[in-house]
2 protein chains.
Amino acid sequence: MGMNDNIQIHMDEYLPLRDVVFKTLRQGILTGELKPGERLMEIHLATRLGVSRTPIREAIRMLELEGLVTMIPRRGAEVAQITEKNLRDVLEVRRALDALAVELACERITGEEKQALADACEEFERATGSKDAKVITQADVKLHDIIVTAARNERLTKLVNDMSEQMYRYRFEYIKDETKHQSLIEEHRIIYRSIVECDKQTASEAIKTHIDNQEKSIINQIYARQA
Amino acid sequence: MGMNDNIQIHMDEYLPLRDVVFKTLRQGILTGELKPGERLMEIHLATRLGVSRTPIREAIRMLELEGLVTMIPRRGAEVAQITEKNLRDVLEVRRALDALAVELACERITGEEKQALADACEEFERATGSKDAKVITQADVKLHDIIVTAARNERLTKLVNDMSEQMYRYRFEYIKDETKHQSLIEEHRIIYRSIVECDKQTASEAIKTHIDNQEKSIINQIYARQA
DNA sequence: ATACAATCCTTTGTATACAAAATGCAGAGA
DNA sequence: TCTCTGCATTTTGTATACAAAGGATTGTAT
C-alpha cells in the first residue's frame, strides 16, 4: 500500500459509447435543444456524433425506458411530448417521494450530514445573492442531494433524481425568478430545522409545499409559453 | 365506420425482437429461472433464443435501466443480486407509492370502477377458496390494477407495476400461505370500503399495513431460504 | 383539378464481421 | 511448490451490411 494509492489511474474514465450517447441525448432533450416531437433518426445522429448506429440504438433504448423518447413502430424514436397532464403526474409522484425522503432522512440522518445540510442551507442563501441562476441551481441540487442521500434508500434516490431531471428546464426558469428566492430560503430553513429536530410531520409538509410551489410555477410557464 | 370495425386485424401483433427478448429475459429473472449473479452472455443467449446479438444487447440495455441486471464494464451483464437491503428499499418506496395511489383513487375513482372494485374483492374471496395460488394471485393483481388505474396517473401506474413485478417470486410464495388469506380478505375489504367512502386516511393506512405484511413475509422467506 | 396507383427513397430492424480488452491456463523460473 | 509471464480463448464494444416496411413523390387517368 502507499505506492498504489499514488498511481491514481483514472481507470474509471472509460465509458462505453452508448453511455456517452445516452448522456448527450438526454442532456439535449432536458435542455430543450432537442424539442418534443423531433424525430431522432439513427444515421443522422450517428454521423453527427461520429459513431455508428449501434451505440445510438442502445442509447435510444435507455431513453425509451426513461420516458424521454417515444418509439413509433418501424418509424423510430422521437422526443417525448411533454403535456401538462404528464408534468402533473410526475410532480404528483415526486411530491410523495420527496415527502418519503425527508421522513426517512429524519430517522436516518447522521451528525455529519446534519452539518452538511446546515452548510448547504447557508450556501444556498449566499448563492441567491449572486443572482447567478446556475450557481443557485447547483446549491439547490446540493441541498436536495444531501436529503435524499440521508434517506439511505438507493432506489428512492434514483427515482427522485430521475424525476428532478425531467423538470430540469423548468426548474431553471423557476429559480431565475428572484421574487421567489426569499420564500425558497424560508422553505429550506424549515425543512432543515424539522429534519434536525426529527419532526417528520413538519418536514414532510414543508417539502410538499416546496414542490407545490414549483408545480404552480411550472404550470404558469407552460401557459406563458403557449401564449 | 362499421366495416373497419369488423376487420379487427391484429396489426398490433408486431413486436420487435428486442421486446420479445426483453420480456423473455425479464420473465426468466423474475421467476428465478435466471438466478442472481448468473452471467448473461450475448452469443449464448442469442443462439439459445435463435436471434442475433443485436436484439439481445438492446434488451439488456432495457433490463439494466430497470435494475434487473448489472453491467460490469467489458465483462457484460449479470442478473442483479437481490439483497435484503435492496428489497427493503423497494418495499419502502412501494409503500409510499401505493399509499399515494389509494389516496388519489379516493378522489378520482368513477362509479364503474367502484363497482369493478367491489367485484374484484368478491372475486378475490372466491379465489382464496380455490386454493390455487395462481388464481388467487391473478385476482389480487386485478384488484390492485383497478386501484392504480383509478388514481389516473400514468407515471405512478408504471412505477407501481415495475415495483410489484420485482417482487413477483416472493408474492407468489406469500399468497400460497393459506393462514394469511383471511387477513388479506379483510385488508382488501377495508381498502375497498374506504376508497368508496373517500376516506383517504383509512385507505392509506390499510394499504400500508398490507405492504408491511408482505414485507414481513418476504423477509422471512429470505431468511428461510438462506437457512 | 383531383384521386389513385406505382415506384423510389428513406429509415428501421436484424444479422454479421472485426477489433480490443479481459480472463484463464500453461509453462518457465525461482 | 509457488509465482510470474505470455499466449490463447472468450466476450464485449463497435461498425457495417442487408432486408423489409413506410412514406413520399411523380405520373396517369378520370
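Below, chains carry the letters A, B, ... as their sequence lines are ordered, and counting in each starts from 1.
- Taking the side-chain hydrogen bond (donor to acceptor under 3.5 Å, both in side chains) definition, one finds that A/Asn213 meets it with A/Glu187, sequence neighbours left out.
- Applying the side-chain hydrogen bond (donor to acceptor under 3.5 Å, both in side chains) test to every pair with at least one member in residues 40-50 of chain A, sequence neighbours left out, gives these pairs: A/Glu42-A/Arg53, A/Glu42-A/Arg57.
- In this structure, the separation between CE on B/Met163 and CG on B/Asn161 is 11.5 Å, given to the nearest 0.5 Å.
- In terms of the side chain to side chain contact (heavy atoms under 4.5 Å, CB included) criterion, residue partners of A/Arg74 (sequence neighbours excluded) are, by chain and number, B/Tyr14.
- For A/Leu34, the side chain to side chain contact (heavy atoms under 4.5 Å, CB included) partners two or more places apart in sequence, or in a different chain, are A/Leu25, A/Ile29, A/Glu38, A/Leu40, A/Val79.
- With sequence neighbours excluded, no residue forms a side-chain hydrogen bond (donor to acceptor under 3.5 Å, both in side chains) with A/Lys208.
- When the side chain to side chain contact (heavy atoms under 4.5 Å, CB included) test is applied to B/Thr149, the partners found at least two apart in sequence or on another chain are B/Glu113, B/Arg152.
- Remark: A/Ser164 pairs with A/Arg94 by the side-chain hydrogen bond (donor to acceptor under 3.5 Å, both in side chains) rule, at least two apart or across chains.
- Within residues 41-60 of chain A, the residues having any heavy atom under 4.0 Å from DNA chain D are, by residue number, A/Val51, A/Ser52, A/Arg53, A/Thr54, A/Pro55.
- Within residues 61-77 of chain A, the residues approaching DNA chain D are A/Arg74, by heavy-atom distance under 4.0 Å.
- In the 5' to 3' direction, nucleotides of DNA chain C lying under 4.0 Å from heavy atoms of chain A begin and end at C/dT11 to C/dT14.
- Every residue two or more places apart in sequence or in another chain that forms a salt bridge (Lys or Arg N to Asp or Glu O under 4.0 Å) with B/Asp89 is listed here: B/Lys85.
- The side-chain hydrogen bond (donor to acceptor under 3.5 Å, both in side chains) search around A/Gln138 returns none, not counting sequence neighbours.
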